[in-house]
Amino acid sequence: MSDTAISKKATSLSGDDNLPQPIRGDRGATILGPRNVPIERENPALLCSPSTDAGTIPNLKFSYAAARNRLAPGGWAREVTARELPVATTLAGVNMRLKPGGIRELHWHREAEWAFMLAGRARITAIDPQGRNFIDDVGVGDLWNFPAGIPHSIQGLEEGCEFLLVFDDGNFSENETFLVSDWFLHTPREILAKNFGVPESAFAGLPKDIEQSMWILSGDIPGPIAGDAVKAPAGAVTGYSYHLSQQKPVKVPGGQVRIVDSSNFPAANTIAAALVEIEPGGMRELHWHPTNDEWQYYIQGQARMSVFTPGKARTFDYQAGDVGYVPFVYGHYIENTGDGPLRYLEVFRSSYFADLSLNQWLGLTTPKLVERHLNFDQATMAALRKDKPILTPGPAPRAEET
Ligand code: MN
Ligand code: MN
């Protein structure tokens, strides 16, 4: 190594360039070795973790930007499952895009499928075990839920669409669903002829290569829904979609929340969710959930979350397109750390949504008992809430750690 190279390296030891450095007060030191600055900038709470973080907590973040995207003639899909984020055993997510007319092939799977439309519109179809059929058009902010085993399809309308699918098993894979074309290809032709009561020649046009032509295939843009509906002798079934965009949100200081579970969307009997919108500087209160792990999807903005479990804590930063996770009963908060609104989904493998607020718990407990634990003064005791706060408006009076 030349003298010049050594002196350049010596300059960077000071850390006075414009790069993020893992230094807080008299702790830490500059990075001298290899580094990936864009990833470090996205994760300041990992690079320079708060002094309140402690111990070993598994990774609770995985971005769709780091997931394999499978491309098909009609669109694409990428998944974040227990294989990408091993702690996420309860739920798995798929981010899927369908071009105008693009079709997610007729299929079914052993997991229930809950979905949130991110952009554009789609037509969805299904049948139930009573022989009733379902068809609906869904737009931005709408949901659907197909219980385990129910066969269904999704097709992009004029503008195409993109959506998030959530399955009630962390080991789900989009590549392992029961495709209608796959079954035909794995059934003897004479059995197909017998089953459908037509000659074997009727099956000459079956697709030969599912990987290339099916799964997400291209298609013609569908016309009005009335023209696509089939009249079923047993009638229609209507409950597989839910127009969350039309649900009146619970407005609170700092933002708003829409909760959807089996109480207002009975088809979603294994998956409950909240769509949370937080103003800049606002915060989802310190809380936890008595139901199950929380699977998160960040739709818009930037967030910071710390999770707490006995003697341990870990803090993560999230951006739009990231998946976050909170193990069962871990305490946590989610702060909007961006300049604009934060929107994210909290999803649970549960028939109902439930949470417990730290603030409300203390507010509803004998004051002497609370004071004995935390030595709060009168003003702090008086500030404790008896109702459920959900969100704390911003900007919070918080001192940045230096
Ligand atoms: Mn499906
Ligand atoms: Mn939560």
Side-chain angles (χ1 to χ4, degrees), residues 60 75 77 79 81 90-96 98 103-116 122 124-127 134 138 143-155 163-169 172-180 182 214-216 240-241 255 257 259 261 267 271-276 278 283-298 303-309 316 318 323-335 342 344-350 353-360 388-392:
L60 301 175
E79 62 189 19
T81 70
T90 58
L91 298 167
V94 171
N95 174 207
M96 186 177 288
L98 298 177
I103 301 164
R104 173 59 174 91
E105 183 179 350
L106 288 161
H107 72 284
W108 73 97
H109 29 76
R110 52 176 69 83
E111 304 81 4
E113 169 179 321
W114 183 98
F116 180 87
I124 53 177
T125 73
I127 70 159
F134 169 84
V138 285
L143 313 179
W144 66 82
N145 189 100
F146 297 124
I150 295 294
H152 53 279
S153 69
I154 312 162
Q155 184 170 25
F163 46 87
L164 175 77
L165 301 170
V166 182
F167 300 89
D168 61 358
D169 182 343
F172 172 85
S173 176
E174 184 58 33
N175 305 318
E176 300 286 336
T177 65
F178 292 72
L179 304 177
V180 67
D182 197 15
M214 302 301 277
W215 176 58
I216 298 180
Y240 291 143
S241 58
V257 181
I259 292 170
D261 61 14
I271 296 181
L275 174 62
V276 182
I278 306 178
M283 189 175 87
R284 175 83 160 92
E285 286 261 332
L286 288 163
H287 70 280
W288 71 99
H289 303 272
T291 46
N292 211 332
D293 301 358
E294 172 175 337
W295 192 96
Q296 304 166 338
Y297 179 70
Y298 289 88
R304 179 166 296 162
M305 173 171 80
S306 294
V307 301
F308 159 76
T309 190
F316 295 85
Y318 298 93
V323 172
Y325 204 78
V326 186
F328 180 50
V329 302
Y330 277 34
H332 55 287
Y333 66 88
I334 295 137
E335 186 181 24
L342 170 68
Y344 73 96
L345 285 164
E346 307 178 356
V347 192
F348 304 85
R349 189 172 70 192
S350 173
F353 178 91
D355 63 358
L356 289 153
S357 155
L358 174 65
N359 195 338
Q360 186 186 33
K388 184 177 278 190
I390 307 174
L391 301 178
T392 294

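Remember, it's 1-based here, ligands and their atoms both numbered in the order they're listed. In this text, all values refer to a predicted model and were calculated from it rather than measured experimentally.
- Metal site remark for the Mn ion (ligand 2): E294 contributes an N, O or S atom at a distance under 2.8 Å.
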For a side-chain contact (heavy atoms from CB on, under 4.5 Å) check, start with the C-alpha distance between I334 and V276, then their side-chain angles and the critical distance, and finish with the verdict.
CA-CA 10 Å; I334 295 137; V276 182; over 6 Å; no
I'd like to know whether W144 forms a ring pair (Phe, Tyr, Trp, His ring centres under 6.0 Å) with Y240, so could you lay out the CA-CA distance, the side-chain angles of the two residues, the decisive distance to 0.1 Å, and finally the verdict.
CA-CA 6 Å; W144 66 82; Y240 291 143; over 10 Å; no
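- Rounding to 10 degrees, one finds that the Mn ion (ligand 1) sits at the corner of an angle of 90° between H107 NE2 and H152 NE2.
- Counting only heavy atoms from C-beta outward, the side chains of W295 and I271 never approach each other to under 4.5 Å.
- Checked against the Mn ion (ligand 1), the N, O or S atom of E113 at the shortest distance is OE1.
- Checked by atom type, the side-chain pair W288/E294 shows no donor-acceptor distance below 3.5 Å.
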